[in-house]
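For reference, positions follow the sequence shown, starting with 1.
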Amino acid sequence: MSMEKVCKTIHQYNKEPVKEADMHKLLEIAEDYGKVKNYVYSRYGGIAGLSKLYPGYTVQNEMTGSGYRETLGIPSVYFYLAIFDALGDIKSQWTRTKTKVSKLVNQNEGFSEEDKHYLRFLLKVSNAFEETLNQKPVELSKAVQKQYDKVAAKVDAEKLQRYLRRQVRKHHARLHTDRADGFSIAERAYRYADHGIYISIKEKRKRIFIPLTDNKQYKSQLYIKLYPKESRIEIKAPINVAVRGHGDYMKQVGVSTGLYTMLTTDEGRHYGEELGRYQIEYADWIREQTRVYNRNRNENPGRKKYNAKKKRMEERLHSYINHELNCFLKEEKPRTVYVVKLPKPRSGGVNKRINHSMAQWQRGYIRKRMLQKCKEQAVEVVEVIGKDISNECSSCGALGKKEKGEFICPECGYQSEEKTNTARNVKKRGQGGGALNRKGTYS
């Protein structure tokens with residue numbers, strides 16, 4: 001029986017400072033890699049390029065015939081990786097555009113349900129979307145064409161198509177990158193040996209050698225991140241690891257998240273109680289450094305020390321988060337974890353210091369790491385609807401009041417810590433049908 005696996009990213013680092021000449025050669029590759037991506041963005045990122053995005057071989061063939069690789073002198077292994085990297089970005093950008101337009105359609109009170117249905121059809125069916133944007137007649141396969149004709153007969157199709165084109169022109173952005181600090185590399189362009197890695201460069205049959213801090217070897221597409229000012233590199237290797245199931249992981253655990261205490265369970269246990277201190281210290285430092293920098297901007301102050309300390313503080317914060325999540329899984333032994341689906345960040349309030357602390361809240365990182373760690377341990381994660389979840393009594397369901405971190409129910413007299421009450425409600429909703437996704441597992 002095949003064992004379920006999950007992808008995770010492994011990081012490798014150089015053991016010694018990278019020589020200036022070698023770093024220059026790597027930066028040349030990164031610069032050309034970015035130029036290829038920008039060329040693809042400009043040529044295929046617009047409406048005219050839609051028909052060539054899937055599966056992408058048309059773009060590959062046209063780029064081969066363009067002679068651009070020979071102009072740059074970049075090895076083919078990097079050239080084609082840059083092409084497909086850019087195509088992936090363009091596809092993601094079109095997905096974001098469609099999502100934005102779809103949201104606007106649903107919110108438009110001037111449209112009837114038939115109008116919205118027609119526009120959603122155009123957004124969903126790729127050929128119809130492409131032909132509409134290019135102002136061509138919508139011609140689909142026989143079965144889909146029949147559906148389209150039925151939907152279009154109930155609306156002013158020409159008017160709605162003009163609306164769709166207008167919104168796409170407004171919200172679809174052409175991509176461009178000015179970054180030249182990294183590139184992807186295929187297996188045939190590198191070789192592990194001699195406690196390090198040999199990386200192909202632009203010179204034919206030449207590679208540079210970089211000793212590494214470990215002797216691990218991988219056979220997959222890698223990403224090389226460059227830090228020229230620090231004379232170092234970082235290698236990111238995606239690997240598939242076996243999911244580790246635990247026979248003693250049987251509990252159903254509801255958790256509430258917070259800015260000051262990372263996780264509180266439905267049984268009142270806390271994980272990450274120092275998170276608030278770390279985050280406020282981090283946010284206050286950034287706020288002060290920004291103030292000092294803006295005050296001395298005319299003197300062109302350097303940012304090397306600032307970036308180095310910021311990185312150290314982020315690493316310390318992330319290390320703490322990961323440690324506490326590991327403790328949570330090890331001690332709670334959950335089979336299922338119920339969490340609230342977090343809303344999008346809102347505009348700030350009156351207190352600027354609190355606003356800045358909220359802006360630096362690592363909730364996105366916490367969620368991402370929780371999902372990853374739970375998946376690696378075969379733990380199911382279920383998100384639940386969070387409306388009024390902290391105001392309801394977890395005992396009787398009535399609306400209660402919160403005072404100084406305590407929840408008090410005026411109906412039944414139940415009293416507990418505010419976050420514990422919320423975690424109990426999270427668990428109740430997850431088990432009682434309030435889950436957004438009853439399958440609950442996230443990849």
* Cation over ring face, R191 and Y198, 6.0 Å, 45° -> yes
* Asked: Is there a donor-acceptor contact under 3.5 Å from the side chain of Q60 to the main chain of I83?
  -> no
* Asked: Can you tell me if S200 uses its side chain to pair, donor with acceptor, with the backbone of A189 under 3.5 Å?
  -> yes
* Cationic tip of K98 above F129 ring, under 6.0 Å, 45° of axis -> yes
* Check: E417 main-chain N/O paired with N421 side-chain donor or acceptor under 3.5 Å -> no
* List the atom of P238, the atom of S220, and the distance in Å for their closest heavy-atom pair. => O-OG, 3.5 Å
* Structure fact -> salt bridge (charged side-chain N to carboxylate O under 4.0 Å, His left out) with E267: of K251, R424, K419, K427, only one passes, and it is K251
* **Parallel, tilted or perpendicular: ring planes of H172 versus W94, cut at 30 and 60 degrees** => parallel
* To do: Please determine, by modelled atom types, if Y320 and E315 share a side-chain donor-acceptor pair under 3.5 angstrom.
  => no
* To do: May I ask you to test the K52-R43 pair for a side-chain heavy-atom distance under 4.5 Å?
  => no
* Short N-O contact, K25 and E28, less than 4.0 angstrom -> no
* Interatomic spacing from CG in L133 to CD1 in I47 - rounded to 0.5 Å -> 5.0 Å
* Asked: Is there a donor-acceptor contact under 3.5 Å from the side chain of R69 to the main chain of I74?
  -> yes
* Could you tell me whether the side chain of R429 and the main chain of I385 form a donor-acceptor pair under 3.5 Å? => yes
* Taking the side chain as every heavy atom from C-beta outward, state whether K311 and N307 have any atom pair closer than 4.5 Å. => no
* Asked: Side chains of D266 and T420: closer than 4.5 Å at any heavy-atom pair?
  -> no
* D178-H176 side chain donor-acceptor pair, cut-off 3.5 Å -> yes
* Within a strict 4.5 Å, meaning less than it, do heavy atoms of the R269 and E332 side chains meet? -> yes
* Could you tell me whether a side-chain N or O of T95 sits under 3.5 Å from a main-chain N or O of K91, the two making a donor and an acceptor? => yes
* Asked: Does any non-hydrogen side-chain atom of V77 lie less than 4.5 Å from one of I185?
  -> no
* To do: State whether a side-chain donor-acceptor pair under 3.5 Å links Y80 with T64.
  => yes
* **Separation between OH of Y227 and CD1 of I233, rounded to the nearest 0.5 Å** => 10.5 Å
* Cation-pi geometry met for R335 and Y249 (6.0 Å, 45°) -> no
* To do: Flag the pair K216 and D214 as a salt bridge only when some basic side-chain nitrogen lies within less than 4.0 angstrom of an acidic carboxylate oxygen.
  => no
* Distance-only side-chain donor-acceptor flag, N391 / K402, under 3.5 Å -> yes
* Asked: Is the backbone N or O of V18 less than 3.5 Å from a side-chain atom of D22, with the two atoms forming a donor-acceptor pair by type?
  -> no
* Would you say the side chain of K219 lies within less than 4.5 Å of the side chain of Y192, judging by non-hydrogen atoms? -> no
* To do: Show your reasoning for whether side chain to side chain contact (heavy atoms under 4.5 Å, CB included) applies to K368 and Q372.
  => CA-CA 6 Å; K368 180 178 72 174; Q372 177 69 20; 5.7 Å; no
* Asked: Does the side chain of N425 reach to within under 4.5 Å of the side chain of S390, using non-hydrogen atoms?
  -> no
* Asked: Are the side chain of Q279 and the backbone of L259 linked by a donor-acceptor contact shorter than 3.5 Å?
  -> yes
* Strictly by modelled atom types, are N322 and Y365 linked by a side-chain donor-acceptor pair under 3.5 Å? -> yes
* Between E274 and R277, is the closest basic N to carboxylate O distance under 4.0 Å? -> yes
* E324 (side chain) donor-acceptor with M262 (main chain) under 3.5 angstrom -> no
* Structure fact -> dist N106:CG -> F111:CZ (nearest 0.5 Å) comes out at 10.5 Å
* Asked: Name the one of Y68, F79, Y33 that satisfies ring pair (Phe, Tyr, Trp, His ring centres under 6.0 Å) with Y39?
  -> Y68
* Structure fact -> Rounded to the nearest 0.5 Å, the CG atom of L140 sits from the OG atom of S126 at a distance of 10.5 Å
* To do: Please round to the nearest 0.5 Å and tell me the distance separating atom CD1 of I208 and atom CE of M23.
  => 8.5 Å
* **S184 to D85 - nearest heavy-atom pair and separation** => OG-OD2, 4.3 Å
* When you look at R295 and V292, which way does the side chain to side chain contact (heavy atoms under 4.5 Å, CB included) test go after all the steps? -> CA-CA 5 Å; R295 188 178 61 196; V292 172; 4.2 Å; yes
* Asked: Would you call K136 and E130 a salt bridge, taking side-chain N to carboxylate O under 4.0 Å as the test?
  -> no
* **E314 side, atom CD; S319 side, atom OG - distance, nearest 0.5 Å** => 13.5 Å
* To do: Answer yes when E383 and R367 have at least one side-chain N-carboxylate O distance shorter than 4.0 Å, and no when they do not.
  => yes
* Asked: For Y41 and Q93, does a side-chain donor sit closer than 3.5 Å to a side-chain acceptor?
  -> no
* Asked: Does any donor atom in the side chain of N326 or K373 lie under 3.5 Å from an acceptor atom in the other side chain?
  -> yes
* Can a donor-acceptor pair be found between the side chains of E380 and Y338 at a distance below 3.5 Å? -> no
* For L104, does its backbone N or O pair with a side-chain atom of N108 as donor and acceptor, under 3.5 Å? -> no
* Quick check: are there more than 12 heavy atoms from other residues, nucleotides or ligands sitting under 6.0 Å from NE2 of H195? -> no
* Asked: Do Q12 and Y218 pass the side chain to side chain donor-acceptor pair (under 3.5 Å) test, and can you show the C-alpha distance, the side-chain angles, and the key distance before you say yes or no?
  -> CA-CA 11 Å; Q12 291 183 297; Y218 304 103; 4.8 Å; no
* Considering only NZ, NE, NH1 and NH2 on the basic side and carboxylate oxygens on the acidic side, decide whether D32 and K202 come within less than 4.0 Å. => yes
* **Pair E273, T261: side-chain N/O donor-acceptor within cut-off below 3.5 Å** => no
* Check whether any side-chain heavy atom of V340 lies under 4.5 Å from a side-chain heavy atom of S256, and answer yes or no. => no
* Asked: Checking side-chain contact (heavy atoms from CB on, under 4.5 Å) against V59, which of F84, Y54, Y44 comes through?
  -> Y44
